[in-house]
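Data block below; observations after.
Hydrogens, waters and symmetry mates play no part in the numbers below; they use all other heavy atoms, side chains included. As the structure lists them, so they are numbered: ligands from 1, and atoms in each ligand from 1.
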Amino acid sequence: MKELKTVLNWLQSSKQTVILTGAGMSTESGIPDFRSSSGWWKNIDPQTVAHITALENNYDLFHEFYSMRLSTLDSCEPHDGHFILADWEKRGLVHTIATQNVDGFHAKAGNQNIAELHGSIQNFRCHRCESQATREAFLNKEKCPNCGGKLRPNVVLFGESLPEDSWMKALNAIREAELVIVIGTSLEVYPVNQLPMMTKGKTVFINKDITSNANGFDLVIEGKAKEILTNINLLLTH
Ligand code: APR
């Protein structure tokens with residue numbers, strides 16, 4: 001409880017707070033994360049489905065994997081934790097949401113100032129000519145009407161660099177931040193795992209599993225995102 005009060009005090013006194021989220025932010029919505037015991041990468045080698053070479057050399061498997069992720073997403077919705085972060089932005093307590101998640105749930109919950117560091121699974125393009133494509137065309141495995149290229153979701157694949165605008169937006173916000181709260185990520189993936197240490201502000205790590213990646217944070221809270229955010233919000237509103 002004391003820790004939650006500390007986070008709330010820091011949140012209310014901070015002039016610029018950035019929230020950095022990962023897949024653990026959406027597991028309570030029913031979307032698996034990647035590296036937990038029930039994560040996607042437990043049974044699937046990411047190199048075979050989520051690497052640029054998978055799209056180029058094994059499109060059927062790539063397509064099957066992302067079609068499966070899209071159908072999982074269709075049956076899920078943002079949870080209270082997502083809505084609390086949107087409310088905190090409206091209250092001026094949160095400046096920027098930087099996320100590794102491609103589910104679009106922060107935007108769906110009402111956040112405005114979002115940096116999608118690994119892109120979005122909710123929109124699509126041709127891998128060759130970059131022209132926009134529809135979800136239906138991707139799911140129907142259609143070729144690009146413009147150049148005949150392969151269609152893909154706008155997610156960042158392993159072997160690809162992050163979208164420059166989102167990266168700079170997150171980096172600048174974190175550099176200027178007085179408080180950075182990291183929620184639901186293993187911090188295993190570069191370069192996002194470097195971001196928390198690029199701030200001169202205070203840092204908080206909220207995660208279900210605490211590993212050595214929690215080293216260096218000013219405050220570490222072991223627990224589930226929705227639960228922790230709900231309890232902090234109760235302190236804020238009561
Ligand atoms: N609340 C808090 N933390 C949680 C919860 C929860 N409800 N559920 C899971 N977690 C934690 C897990 O303990 C794990 O440490 O969230 C973390 C999720 O870590 P990963 O599965 O590695 O996901 P993430 O860090 O977002 O992965 C980064 O890797 O596979 C790529 O592109 C993909 O964006 C992804 C990137």
Side-chain angles (χ1 to χ4, degrees), residues 3-4 7 19-55 62 65-66 68-70 72-73 76-85 97-106 109 114-122 152-163 166-167 170 180-197 204-217 219-233:
E3 299 146 327
L4 301 187
V7 176
I19 310 282
L20 175 62
T21 64
M25 180 70 210
S26 293
T27 55
E28 291 159 282
S29 289
I31 303 175
D33 61 14
F34 298 94
R35 295 172 186 80
S36 285
S37 52
S38 55
W40 290 109
W41 303 152
K42 275 296 159 235
N43 307 313
I44 302 172
D45 173 359
Q47 300 305 314
T48 62
V49 290
H51 191 282
I52 184 74
T53 53
L55 186 158
F62 169 86
F65 176 67
Y66 281 98
M68 184 172 61
R69 287 188 61 184
L70 283 164
T72 302
L73 197 53
C76 299
E77 289 295 332
H79 59 67
D80 292 353
H82 293 101
F83 291 105
I84 286 167
L85 292 176
I97 301 274
T99 187
Q100 298 167 88
N101 299 345
V102 297
D103 55 34
F105 278 11
H106 289 301
I114 305 168
E116 290 185 314
L117 295 159
H118 291 165
S120 169
I121 199 173
Q122 305 278 16
R152 55 167 297 170
N154 284 343
V155 296
V156 177
L157 301 172
F158 289 105
E160 293 187 312
S161 40
L162 274 54
S166 300
W167 174 253
V180 175
I181 304 179
V182 178
I183 306 175
T185 175
S186 60
L187 292 172
E188 293 281 332
V189 176
Y190 179 91
V192 173
N193 61 356
Q194 306 302 303
L195 283 173
M197 299 314 145
V204 176
F205 186 48
I206 298 172
N207 210 54
K208 184 167 67 76
D209 306 305
I210 302 301
T211 64
S212 58
N213 292 342
N215 298 350
F217 282 84
L219 185 61
V220 174
I221 302 176
E222 183 168 4
K224 292 190 168 184
K226 181 170 77 173
E227 222 173 292
I228 303 281
L229 290 169
T230 301
N231 291 336
I232 297 171
N233 199 50

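Using 4.0 Å as the threshold, His118 has a heavy atom nearer than that to some atom of ligand 1. For the ligand labelled ligand 1, residue Ala50 lies outside the 4.0 Å heavy-atom shell.
Taking every heavy atom of Gly22 and a limit of under 4.0 angstrom, the matching atoms of ligand 1 come to 26 (O). Per-residue contacts place Gly184 under 4.0 angstrom from the following atoms of ligand 1 (heavy atoms of the residue considered): 3 (N), 16 (O), 17 (C), 18 (C). Atoms of ligand 1 lying under 4.0 Å from at least one heavy atom of Glu28, given by number and element, are 1 (N), 6 (C), 7 (N). Contact atoms of ligand 1 toward Val189: 28 (C), 29 (O), 36 (C) (distance under 4.0 Å to a heavy atom of the residue). Taking a cut-off of under 4.0 Å to the non-hydrogen atoms of Ser36, the atoms of ligand 1 that pass are 12 (C), 13 (O), 14 (C).
Contact annotation: for Phe205 versus ligand 1, there are no heavy atoms closer than 4.0 Å. The side chain of Trp41, and not its backbone, has at least one atom closer than 4.0 Å to an atom of ligand 1 (non-hydrogen atoms only; side chain from C-beta on).
Nearest non-hydrogen protein atom to atom 19 (O) of ligand 1 is Ser186 N, 3.1 Å.
Residue Gln100 has at least one N or O atom closer than 3.5 Å to an N or O atom of ligand 1. Remark: ligand 1 and Lys224 share no N or O pair separated by less than 3.5 Å (distance only, no angle test).
Under the side chain to side chain donor-acceptor pair (under 3.5 Å) rule, Asp103 has a single partner from Ser120, Ser26, Ser29, which is Ser26.
Atom CD1 of Ile31 and atom CD of Glu77 lie 9.5 Å apart (nearest 0.5 Å).
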